[in-house]
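Take a look at the structure below.
All values below come from the heavy atoms of this structure, side chains included, with hydrogens, waters and symmetry mates left out.
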Amino acid sequence: MFNNRIRIKALLAQEPQGQEVTVMGWVRTFRNNQFIALNDGSTNNNLQVVVELGKFDEALLKRFTTSASLKVTGTVVASQGKGQTLELKATSIEVLGDSDAEAYPLQPKKHSLEFLREKAHLRFRTNTFGSVFRIRHALAFAIHQFFNEKGFVYMHTPVITASDAEGAGEMFRVTTLPFDNPPRNEDNSINFKEDFFGRSTNLTVSGQLEGELGATAFGDIYTFGPTFRAENSNTARHLAEFWMIEPEMAFCDLEDNMNLAEEFIQYLIRYAMEHNREDLEFLAQRLAEEEKALPQDKRSEMGLLEKLEFVVSNKFERLTYTEAIEILRESNHNKKKKFQYPITGWGMDLQSEHERYLVEKHFKKPVILTNYPKEIKAFYMRQNEDGKTVAAMDILAPGIGEIVGGSQREERQDRLEARMKEMHIPTEELWWYLDTRRFGTVPHAGFGLGFERMVQFVTGMTNIRDVIAFPRTPKSAEF
RNA sequence: UCCCCUUUAGCUCAGUUGGUUAGAGCAUCUGACUGUUAAUCAGAGGGUCGUUGGUUCAAGUCCAACAGGGGGAGCCA
């Protein structure tokens, strides 16, 4: 057996009593021809391996370059140095893989996030990305734990879909037809009957419609999978491929929906605070140092840990779209004409500057906005009795904006079909969706949470490309 | 897709009103030192100044187009 190693995180938690252990990892630095800082990805903390003078061949020492991989066996002793409590006095060191220091792109020094983005295949070996991706893992795990504890069924909705009627965004086409000479109909349009699925297909933009089918059988379901949008979005909070969590609950109204979303977000943050304390502390410090370079008015009022603590211990602010418009209209910010888009009145779509004002200036906490005008929302949202609004809710988070979008669904078949016709949604194509309303329809609701935006919020990373391993954005799909 | 900023050594940057051989710190390499903590000290190598075109006696520096990167907006999660 090759792997008899102990992980460095576990080793660092032990008492040094001269025990013999084997560790494997990558060299971060080699100081003074005597001290190897070894990292194995289990924690940002390195193990100090002591190479006693004269005990090892000079030629071997030359191979302890940055990111060379080592297998080290030795005895665990209390450290004489100041930076660590224990260290490993090496008795044998094997170089598993050499690393040419002149060619290896990551140097033992600070690198910009932009540079590391171009080295996305190696950036996990840095402290920042080590912390970010360990937290990403923890959050993914916590999502399943949360819903499992609540009795939800994890549902795998299809990645390839035939419906293009959801209206959530531009889609990526999936086809096996030859693009230089596709089969044509008589009117010269492309004949998708000859395509692989016998029809036009796309990558999914949302699992919601299928999720509703699950909810109206299991009661409560959630999806957690990749989602694709072919929008030409070039921002720090959009990806062409991202992961989304979409719970869908039968026997549930808008308020139940909001309660679940709020509890869910707080659960995830609390989970990371309990299980990833070290990584969060590292990222908090990184963020604090980064903000020192910013002018006073651009710095956050709270540190990362303070912010997370605040969000888990305070209720989210809930208000209706109508109330939000009133607050914005009466704000000094609006009266002094400081909004690029002035508040023209009820019915307008809120711009991100308006959302940011509500969240970051007015309430200074996450905000749940409800009951938007039906004109600016999707066809499946439940129409309110006022005839003007729908039972929608968006959760806005400081720093990243919309993190959750959800609604109570329109369960009344006549109302739903009428709305679909108004919005030119083809009812024939969605016959299977409408069947849920024909056969035992129930009040139900759900929401979508952008996983990467959640990871951004917890880690404090300002660019979404730094919280997914291999970001897919317009004109960019390296690796 | 639109607006703004940016591109000089492996990385982060400086480079004056256009003017001789384009600099620094870190990294790398060589040597010294040996309980170091981003070790330290000494020395060395390393550049098609994003690309193309233009203005000029002369362009890293001025102008244009294109490309890459960043910030903001729209679309949204």
Side-chain angles (χ1 to χ4, degrees), chain A residues 28-37 45-54 61-62 65-66 77-84 87 89 99-119 126-127 166-170 205-208 224 226-246 261 293-294 298 339-341 349-356 376-378 394-397 400-406 447-457 462-468 473-476 478:
Chain A
R28 282 287 172 85
T29 62
F30 181 38
R31 285 185 297 268
N32 228 346
N33 262 1
Q34 272 183 98
F35 305 100
I36 302 169
N45 295 320
N46 300 321
L47 174 68
Q48 171 150 290
V49 174
V50 181
V51 182
E52 286 173 285
L53 286 169
L61 302 191
K62 292 269 182 223
T65 52
T66 304
V77 297
S79 180
Q80 300 171 34
K82 282 194 177 131
Q84 57 284 315
E87 61 194 21
K89 195 174 279 190
S99 172
D100 179 352
E102 283 198 72
Y104 183 64
L106 305 188
Q107 299 148 9
K109 55 171 285 194
K110 278 223 160 80
H111 285 299
S112 67
L113 295 174
E114 292 81 12
F115 172 73
L116 291 170
R117 224 168 275 154
E118 290 169 11
K119 308 277 180 253
T126 64
N127 284 337
E166 293 160 38
E170 289 295 310
V205 292
S206 162
Q208 181 199 313
F224 182 16
T227 311
F228 308 87
R229 306 257 169 109
E231 302 286 346
N232 189 12
S233 296
N234 294 285
T235 78
R237 52 186 191 285
H238 288 89
L239 292 164
E241 175 182 310
F242 63 99
W243 287 65
M244 188 153 65
I245 300 102
E246 295 180 287
L294 296 176
K298 298 250 171 159
F339 285 125
Q340 197 189 331
Y341 297 88
D349 209 349
L350 296 179
Q351 304 292 318
S352 42
E353 59 172 343
H354 306 138
E355 297 179 349
R356 270 215 310 278
I376 57 174
K377 288 290 179 185
D394 283 0
I395 302 186
L396 312 174
I400 46 179
E402 186 176 344
I403 192 168
V404 160
F447 62 86
L449 178 139
F451 184 50
E452 281 75 18
R453 289 188 182 173
M454 188 68 210
V455 180
Q456 268 190 285
F457 187 74
T462 51
N463 194 311
I464 200 165
R465 292 161 207 186
D466 296 329
V467 299
I468 187 166
T473 53
K475 300 276 185 300
S476 173
E478 189 79 47

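- At the phosphate of B:A38, neither OP1 nor OP2 sits under 4.0 Å from any side-chain N or O atom of A:Thr29.
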Check nucleotides 1-5 of chain B against the protein and report each pair of N or O atoms closer than 3.5 Å, with its distance, or say if there are none.
unit_1: B:U1; atom_1: OP1; unit_2: A:Asn232; atom_2: ND2; d: 2.8
unit_1: B:U1; atom_1: O4; unit_2: A:Asn234; atom_2: ND2; d: 2.7

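- The side chain of A:Thr66 lies closest to B:U28, out of B:U28, B:U34, B:C76.
- Each of B:A73, B:G69, B:G35 was ranked by its minimum atom distance to the side chain of A:Glu87; first place goes to B:G35.
- Partners of A:Gln351 under the side chain to side chain donor-acceptor pair (under 3.5 Å) rule, at least two apart in sequence or in another chain, do not exist in this structure.
- Among residues two or more places apart in sequence or in another chain, the side chain to side chain donor-acceptor pair (under 3.5 Å) test is passed with A:Lys89 by none.
- Between B:A73, B:G10, B:G35, one nucleotide has an atom nearer to the side chain of A:Lys109 than all others, and that is B:G10.
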*For RNA chain B, produce a single dot-bracket line, 5' to 3'. Pairs: Watson-Crick or G-U wobble, both distances under 3.5 Å. Symbols: ( ) within strand, [ ] crossing, | other strand, . unpaired.*
(((((((..((((.....[...)))).(((((.......))))).....(((((..]....))))))))))))....

*asked:* Protein within reach of the bases, or only the backbone? For nucleotides 40-47 of chain B, mark each nucleotide 5' to 3' as B, S or -, using heavy atoms under 4.0 Å.
replied: --------

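- Remark: A:Glu452 engages A:Arg136 in a salt bridge (Lys or Arg N to Asp or Glu O under 4.0 Å) (not counting sequence neighbours).
- For residues 104-117 of chain A, the pairs satisfying salt bridge (Lys or Arg N to Asp or Glu O under 4.0 Å) are A:Lys110-A:Glu289, A:Arg117-A:Asp466, with sequence neighbours left out.
- Phosphate contact (OP1/OP2 of B:A73, side-chain N/O of A:Arg237, threshold under 4.0 Å): present.
- Look at A:Arg117 and you'll find a side-chain N or O under 4.0 angstrom from OP1 or OP2 of B:G70.
- In this structure A:Tyr341 satisfies the side chain to side chain donor-acceptor pair (under 3.5 Å) test with no other residue, sequence neighbours excluded.
- By the side chain to side chain donor-acceptor pair (under 3.5 Å) test, A:Glu241 is found to be paired with no residue, residues two or more places apart in sequence or in another chain being considered.
- Remark: ring of A:Phe242 overlaps the six-membered base ring of B:A77 in a stacked fashion, centroids less than 5.5 Å apart, planes less than 30° apart.
- Legend: residues meeting side chain to side chain contact (heavy atoms under 4.5 Å, CB included) with A:Thr65, ordered by chain and number and at least two apart, are A:Ala68, A:Ser99, A:Ala101.
- Neither OP1 nor OP2 of B:A73 sits under 4.0 Å from any side-chain N or O of A:Gln340.
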_side-chain contact (heavy atoms from CB on, under 4.5 Å) between A:Leu239 and A:Thr473, intermediate numbers included_ = CA-CA 5 Å; A:Leu239 292 164; A:Thr473 53; 3.9 Å; yes

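- Partners of A:Phe451 under the ring pair (Phe, Tyr, Trp, His ring centres under 6.0 Å) rule, at least two apart in sequence or in another chain, are A:Phe224.
- Residues that satisfy the ring pair (Phe, Tyr, Trp, His ring centres under 6.0 Å) test with A:Phe115, not counting sequence neighbours, are A:His111.
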